Amino acid sequence: MSHSNSKSSSLFKQAVIQIGAGGSAGFVEVCIMHPMDLVKTRFQLQVKTNKADPLYYTGIADCMKKMYKNEGLASFWKGILPPILSETPKRAVKFFSFEQYKPLFLFGANSPTPLTFTLAGFFAGMTEGIFVNPFEVIKVQMQSNRKKMTESPSTFAVTKEIIRKNGFGLNGLNKGLSATVMRNGVFNLVYFGFYHSVKGCIPVYKDSRLNFLIKVVIGFSAGTMASCLNIPFDVAKSRIQGSKNNEYKGTLRTIGTVYRQEGFRALYKGLLPKVLRLGPGGAIMLVVYDYMHAYLTAKLKN
């Protein structure tokens with residue numbers, strides 16, 4: 001085999017490993033953690049004027065109780081089809097693009113530095129945000145629906161209606177694009193930067209269970225920190241994509257509007273369910289990715 005063919009084969013195997021591991025990690029994470037994402041979105045769509053509404057949510061338990069009573073158990077997985085359809089390619093894009101961006105930010109170093117991980121994470125997140133935004137628009141529209149599952153429109157019906165009314169542009173399937181890009185960029189800047197920088201400072205132990213626990217703790221910490229820092233963009237995204245009359249326009253303008261009308265704390269609406277989802281979810285995703293990456297590498301090395 002020629003050198004060029006050998007190199008092409010090696011790059012192809014790397015891509016398969018990165019995409020396969022990233023896709024597996026995303027699929028497992030979304031199936032387990034979707035109910036918390038739904039609760040987060042419901043909180044972010046609430047405004048103060050809704051407090052007289054009997055379906056106004058005062059806390060996570062209250063939200064889940066009212067959803068179960070009024071919409072049924074299956075309602076906790078409302079809008080899950082778009083993220084399932086997008087999650088495997090989305091996380092594949094996230095992890096694959098992260099690996100491709102890393103060499104661009106070595107800045108002459110022989111191995112990746114914390115700055116390398118941080119910048120590669122930011123650009124990987126922005127790339128992921130562009131890819132996933134149409135699915136986010138559909139998901140938020142479905143999650144904002146308070147009807148029982150049997151009375152709610154299907155994923156296809158919601159998608160068709162969005163396209164019919166507003167097309168594929170920034171008022172249609174790409175509504176809230178800048179907010180999604182910034183949300184994902186900031187999240188992955190912290191997520192990858194913290195996880196890989198800290199993991200690289202901790203020795204590998206002989207006890208595999210201890211190594212597993214360490215990865216879980218670092219992944220949980222990375223997901224939690226990233227969630228706390230990017231949530232104003234997440235609130236803006238939910239408001240823009242969930243608005244029926246396009247009353248929210250522009251990411252920074254929406255953040256300003258929420259701040260003026262509802263106060264600083266409103267920019268952190270849904271933080272607790274977001275952390276409860278992306279803290280454990282961050283751990284699940286990075287640990288599954290690491291183990292799947294090692295498994296696929298071993299399988300494809302020959």
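Note that the structure is predicted; figures quoted are calculated from it, not measured. These numbers come from the heavy atoms of this one structure, side chains and all, not from hydrogens, waters or symmetry mates.
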Would you compute the distance between atom [atom1] of [X] and atom [atom2] of [Y] and round it to the nearest 0.5 angstrom?
| X | Y | atom1 | atom2 | result |
| --- | --- | --- | --- | --- |
| Ser238 | Phe233 | OG | CZ | 13.5 Å |
| Leu38 | Cys63 | CG | SG | 7.0 Å |
| Leu45 | Tyr57 | CG | OH | 9.5 Å |
| Thr155 | Gln141 | OG1 | CD | 12.5 Å |
| Met33 | Met285 | CE | CE | 10.5 Å |
| His293 | Ser24 | NE2 | OG | 12.0 Å |

Applying side-chain hydrogen bond (donor to acceptor under 3.5 Å, both in side chains), can you list everything that pairs with [X], at least two apart in sequence or on another chain?
| X | result |
| --- | --- |
| Thr58 | Asp62 |
| Thr116 | Thr113 |
| Asp37 | Lys40, Lys139, Gln143, Arg277 |
| Asp290 | Tyr195, Lys199 |

Restricting to non-hydrogen atoms, name the atom on [X] and the atom on [Y] that form the minimum distance, rounded to 0.1 Å.
| X | Y | answer |
| --- | --- | --- |
| Ala222 | Val190 | O-CG1, 4.4 Å |
| Phe76 | Met67 | CD2-CE, 3.8 Å |
| Ala25 | Val288 | CA-CG1, 3.5 Å |
| Lys237 | Thr180 | CD-OG1, 3.2 Å |
| Ile255 | Ala236 | CG1-CB, 3.9 Å |
| Thr41 | Val140 | CG2-CG1, 4.3 Å |

_Leu106 reachable from Phe96 in the ILVMFWY side-chain graph, under 4.5 Å edges_ =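 Result: no, two separate clusters.
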*asked:* Membership question, hydrophobic clusters at under 4.5 Å side-chain separation (ILVMFWY): are Phe192 and Tyr291 in the same one?
replied: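 Different clusters: Tyr291 never reaches Phe192 through Ile, Leu, Val, Met, Phe, Trp or Tyr contacts under 4.5 Å.
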*Is Arg42 salt-bridged to Glu71, going by a charged N under 4.0 Å from an acidic O?*
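Counted as a salt bridge, because a side-chain N and a carboxylate O are separated by less than 4.0 Å.
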Would a 4.5 Å heavy-atom cut-off, applied to side chains only, mark [X] and [Y] as touching?
| X | Y | answer |
| --- | --- | --- |
| Leu189 | Leu229 | no |
| Pro112 | His196 | no |
| Lys78 | His34 | no |
| Phe117 | Phe105 | no |
| Ile231 | Leu267 | no |
| Tyr68 | Ser75 | no |
| Phe95 | Leu286 | yes |
| Met36 | Ile60 | yes |

When you measure from the side chain of [X] to the backbone N and O of [Y], does any donor-acceptor pair fall under 3.5 Å?
| X | Y | answer |
| --- | --- | --- |
| Arg239 | Gln44 | yes |
| Ser243 | Ile240 | yes |
| Asn70 | Lys66 | yes |
| Tyr191 | Gly282 | yes |
| Lys13 | Leu300 | yes |
| Lys94 | Gly125 | no |
| Glu128 | Asn184 | no |

*Take atom CZ in Phe107; do more than 12 heavy atoms of anything else shown fall under 6.0 Å from it?*
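Atom CZ in Phe107 is packed in, count exceeds 12.
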*Has Phe27 got more than 12 heavy atoms of other residues, nucleotides or ligands less than 6.0 Å from its CZ?*
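No.
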_Where at least one partner belongs to residues 219-232, residue pairs that pass side chain to side chain donor-acceptor pair (under 3.5 Å), sequence neighbours excluded_ =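 Qualifying pairs: Asn230-Lys274.
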*Report yes or no: do Asn166 and Lys175 form a side-chain donor-acceptor pair below 3.5 Å?*
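The criterion, which ignores hydrogens and geometry beyond distance, is not satisfied for Lys175 and Asn166.
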*Tell me yes or no: between the side chains of Thr127 and Ser97, is some donor less than 3.5 Å from an acceptor?*
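Short answer, no.
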*Excluding sequence neighbours, so at least two apart, what forms side chain to side chain contact (heavy atoms under 4.5 Å, CB included) with Ser208?*
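With neighbours one apart ignored, the set is empty.
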Throw together a table of side-chain donor-acceptor distances under 3.5 angstrom for residues 210-219, partners on residues two or more places apart or in other chains.
unit_1, atom_1, unit_2, atom_2, d
Asn211, OD1, Tyr205, N, 2.9
Asn211, ND2, Tyr205, O, 2.6
Asn211, ND2, Asp207, O, 3.4

*Under the salt bridge (charged side-chain N to carboxylate O under 4.0 Å, His left out) rule, collect the residues that match up with Lys206, sequence neighbours excluded.*
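Per chain and number, Lys206 pairs via salt bridge (charged side-chain N to carboxylate O under 4.0 Å, His left out) with no residue.
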*For Leu104 and Tyr101, run side chain to side chain contact (heavy atoms under 4.5 Å, CB included): C-alpha distance rounded to whole Å, both residues' side-chain angles, the deciding distance at 0.1 Å, then the answer.*
CA-CA 5 Å; Leu104 301 180; Tyr101 282 124; 3.9 Å; yes
*Other than Val204, which residues form its hydrophobic cluster under the rule that side-chain heavy atoms must be closer than 4.5 Å?*
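Cluster partners of Val204: none, it stands alone.
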_Through direct or indirect side-chain contacts below 4.5 angstrom among Ile, Leu, Val, Met, Phe, Trp and Tyr, which residues connect to Ile138?_
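When side chains under 4.5 Å apart are linked, the cluster holding Ile138 also contains Val137, Met142, Val158, Ile162, Ile163, Phe168, Leu173.
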_Is the distance between the ring centroids of Phe98 and Tyr289 under 6.0 Å?_
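No, they do not, as the ring centres are separated by 6.0 Å or more.
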*Mind running side chain to side chain contact (heavy atoms under 4.5 Å, CB included) on Lys249 and Asn171 for me, showing each step along the way?*
CA-CA 10 Å; Lys249 289 184 178 292; Asn171 287 322; 3.8 Å; yes
*Scan for salt bridge (charged side-chain N to carboxylate O under 4.0 Å, His left out) pairs involving residues 103-124, sequence neighbours excluded, and state none if there are none.*
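Output for this query is empty, none listed.
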*Taking only residues at least two apart or on different chains, which pairs with a member in residues 111-123 satisfy salt bridge (charged side-chain N to carboxylate O under 4.0 Å, His left out)?*
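Qualifying pairs, neighbours excluded: none.
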